[in-house]
Structures are given as structure tokens and as C-alpha cells.
Amino acid sequence: MFVIRLLRQKPILFAPPLTSFNRCFCYSKLRDHYAFESPPSLSPKPPAPEPKPRPNKPPKQRYKPPSSLDLADKKPRHSDLPFDFQYSYTETSPSVRPIGLREPKYSPFGPGRLDRKWSGVCAPAVDPKASSVEGMEDPKLEEKRRFMRENIQGEPLTGAERKALVEKCQKKKTKRQINLGRDGLTHNMLNDIYNHWKHAEAVRIKCLGVPTVDMKNVCTQLEDKTFGKIIHRHGGFLVLYRGRNYITKKRPFIPLMLWRPHEPIYPRLIKTTIDGLSIEETKEMRKKGLAVPALTKLAKNGYYGSLVPMVRDAFLSCELVRIDCQGLEKSDYKKIGCKLRDLVPCILVTFEKEQIVVWRGNDYKPLDSGCFLTVRGSFDDDEANGNTNRVGEDDDDDDFDDDYSDGANDQ
């Protein structure tokens with residue numbers, strides 16, 4: 001019986017190991033002899049349809065700078081703003097007149113775009129020969145500027161309205177902000193302020209760098225050139241209000257500067273000999289000034305609102321003051337020294353080794369009024385324009401309800 005069962009069983013075929021050749025042979029044998037069809041998942045994918053050709057668009061024209069030939073048939077624009085157009089309104093002093101120009105005169109507004117002529121320093125509103133740099137202001141322009149500002153401002157804000165606007169400009173409420181840096185209040189920044197006034201009645205302005213040495217000048221120029229009003233100040237943060245009667249559609253035309261004009265040549269700040277001293281005495285004073293302990297170290301792009309009161313107080317006990325400016329641009333600490341010379345006042349001794357050394361002079365008289373002013377200002381009157389903060393770095397928290405602090409490294 002066992003033998004019969006073995007004979008009835010089908011023979012067992014021993015298949016060799018599958019190789020690439022055998023695998024292909026087996027698959028082809030199944031397809032030919034047994035009509036084997038592979039499942040859809042193993043079948044090759046159909047070719048992707050070709051994308052439809054897009055209609056040919058005209059090529060984008062390349063930008064080319066404005067030319068006087070292209071603007072020959074266009075009339076230059078006119079602006080009714082009653083002040084001279086300058087690159088920076090806070091970093092130019094009407095008492096200092098340039099002695100020359102580095103480059104030939106050309107208008108930074110572009111050829112034929114504005115009906116004002118560029119004098120090399122500014123675009124005067126009346127006559128190129130009577131520019132504001134020479135200290136020749138037109139009384140009619142002053143009257144027109146005051147009249148425009150009064151019409152736009154209207155009735156003064158109440159305490160509740162002022163508080164509500166300041167609350168809306170805090171960091172936790174809005175991210176809209178204008179940064180005022182080393183160049184101060186530039187001409188194109190006026191257009192940015194008006195663009196922010198389209199969406200809100202007030203705008204937050206953050207001031208850092210060289211212009212913060214004289215915050216009173218920054219606040220004055222902002223109100224004078226924008227016809228707005230500063231309703232709050234906390235350190236380097238300002239809130240600029242546009243006015244009750246401000247109409248967005250009737251905003252003044254502000255021509256934009258296409259490039260930055262070359263800075264003119266001004267007289268040297270450091271003279272060979274200090275007035276009233278000999279050459280040997282001047283050299284000895286410079287060596288002595290560099291050896292004096294530093295009053296403070298200025299942080300790069302920091303807030304310097306209390307630098308002038310610090311220097312004034314230091315002159316009460318010593319005649320030479322040294323300020324450490326390592327890490328700052330050369331042009332920055334030279335501008336700071338020029339501001340100290342006019343605001344303290346004092347005499348500049350040297351800028352060597354990234355240091356500012358100033359001398360109080362032989363006829364120095366301390367000011368009768370206090371040097372330190374309030375940290376915050378509501379700008380209800382003209383006297384609230386100072387700050388008592390130390391010289392230092394930027395405060396990351398610009399919430400007006402928090403105390404203003406900095407990271408100055410006093411030595």
C-alpha cells in the first residue's frame with residue numbers, strides 16, 4: 001500500500017535558485033504558456049501628459065535710471081511744503097556753513113523731477129542763494145508753516161484721548177514702527193510717516209544712535225517738518241500724533257530722493273593748536289586726556305540721551321573728560337563730539353584711539369539750571385523734552401509702561 005501511494009503522488013520538481021536570468025525566463029514563460037497578466041500595481045505607469053504651452057507673455061522691461069531725455073516732455077513736480085529739502089534735518093546745523101563740495105552739484109531727486117534747484121546742500125523753497133544753511137529764513141515761510149500746523153492739529157487732545165492713542169502704539173498692540181538711526185530725520189522718512197498715518201492716528205518712532213544726543217532737536221524737527229505733535233516720549237521712543245483735522249487724501253506731495261547726496265566739506269573739528277595754548281601745551285593736554293579714566297563707554301547704535309548732562313557734571317570736578325567710543329564708526333563719534341562742543345559747551349581735544357577727549361576751557365561756568373531732566377515726557381509743554389537715562393544700549397522692551405533701562409558699561 002505504501003508503494004502504491006508513492007506512485008500516485010506527483011513528482012517533486014527541484015527548482016534552481018532564482019537569478020536575474022532565471023527570473024526573467026520564468027516571467028516570460030508564465031506570460032507565453034499560461035497567459036499570465038501582472039496586477040495593475042506592477043504594470044508600468046502611463047506617461048505623464050505634456051503640460052499645455054502657456055501663452056507667450058511680453059518680457060518684463062528692465063529698469064533704467066531716469067534720464068533728462070526721457071523726461072523732456074514732462075513738467076517737473078511742485079511741492080508746497082514751506083521748508084528747504086535736505087537729506088537730513090537733524091544732522092545739519094544752520095550755524096555751520098560748508099567750505100566746499102566733494103562732487104559737482106546734482107539733484108538727488110533725479111533730473112527734471114522737481115522744480116527746485118539743488119544748491120549742493122539743500123533744495124531751497126524760495127531762492128537757491130538764500131538757503132537755510134546760511135541762516136537766512138524767510139518770515140513768510142515761517143508764518144505759512146505755523147498756519148498749516150495749526151489748521152491740521154485743531155483742538156488739543158484731552159487726557160483720555162492722549163492715553164488711548166499712547167496705548168494703541170505700544171508693542172503689545174501693534175508692530176508698526178519707524179526707526180530713526182544715525183542719519184537722523186531724513187527726507188524720505190517724512191513719506192514713511194505719512195504712509196503710517198493712513199492706518200493710524202499716531203505712529204511710534206524709535207530713536208537710536210547719534211541723533212539721540214540732542215533729543216530736543218529731534219522732537220522739534222519732527223513736529224516742524226511733519227506738522228504733527230509728539231504726545232508721549234519714553235527715552236528714545238516717541239509717539240507722533242497726526243492731528244484732528246488731518247485728511248489722508250490731502251497729504252502734501254513729498255518728492256523722494258533717489259540717492260544720497262555727497263556730504264559737503266566742513267571745517268576741521270580738531271585744530272593743530274587749541275586756542276590760547278601753545279603747541280607743546282596742546283600735545284601735553286592730549287596725552288593727559290588719553291590717560292584720564294573714561295567717563296563712560298558708548299554702545300554701538302545705543303541711546304545717548306544723557307551724555308550731555310554726564311559731561312556737564314564731570315566738568316565740576318575735572319577739566320578733561322574722556323569718552324570711550326571703541327566699536328563705533330569714525331563718522332559717528334566725530335558727530336557726537338561736534339554735538340558735545342555745541343551743547344555742553346566744551347573744546348574738542350582729540351579723537352585718537354577711538355576716544356573723545358574734551359576740555360572745559362579756562363573760562364568754564366557751570367549752568368545754573370539742573371542738568372538732569374525727566375525720563376518720560378507728555379509734551380504738554382515745551383519743557384518736557386529731556387531724559388535722565390544713562391548712556392547705553394537699546395532697550396528691547398519698548399512698552400511705555402515699563403521702566404527704561406540700558407546696558408552702558410561705565411568705567
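Model, not experiment: these values are computed from the prediction.
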Under 6.0 Å from the CZ atom of F147, do we count more than 12 heavy atoms belonging to anything else shown?
-> no

Counterpart residues, salt bridge (charged side-chain N to carboxylate O under 4.0 Å, His left out), relative to K288 (two or more places apart) = E319

Do the side chain of Q177 and the main chain of K206 share a donor and acceptor less than 3.5 angstrom apart?
-> no

Modelled atom types, side-chain donor and acceptor of N179 and R204, under 3.5 Å | no

Got a sec: does the NZ of K168 have more than 12 other heavy atoms crowding it under 6.0 Å?
-> no

Judged by atom type as modelled, is there a donor-acceptor pair below 3.5 Å linking the side chain of T90 to the main-chain atoms of L185?
-> yes

Taking atom types as modelled, is there a side-chain donor on R251 or N195 under 3.5 Å from an acceptor on the other?
-> yes

Of E161, Q153, E155, which is the lone residue that meets side-chain hydrogen bond (donor to acceptor under 3.5 Å, both in side chains) with R244?
-> E161

Sole residue of R145, K140, R146 in side-chain hydrogen bond (donor to acceptor under 3.5 Å, both in side chains) with E142 | R145

Below 6.0 angstrom between ring centroids: does that apply to W197 and Y246?
-> yes

Check the side chains of Q355 and D324 for a donor-acceptor pair under 3.5 angstrom, ignoring hydrogens and angles.
-> yes

D332/R182 ion pair, N-O < 4.0 Å | yes

Just checking, is any N or O donor in the side chain of Y89 or H187 under 3.5 Å from an acceptor N or O on the other one?
-> yes

Salt bridge (charged side-chain N to carboxylate O under 4.0 Å, His left out): pairs with one or both residues in residues 348-360, sequence neighbours excluded | none

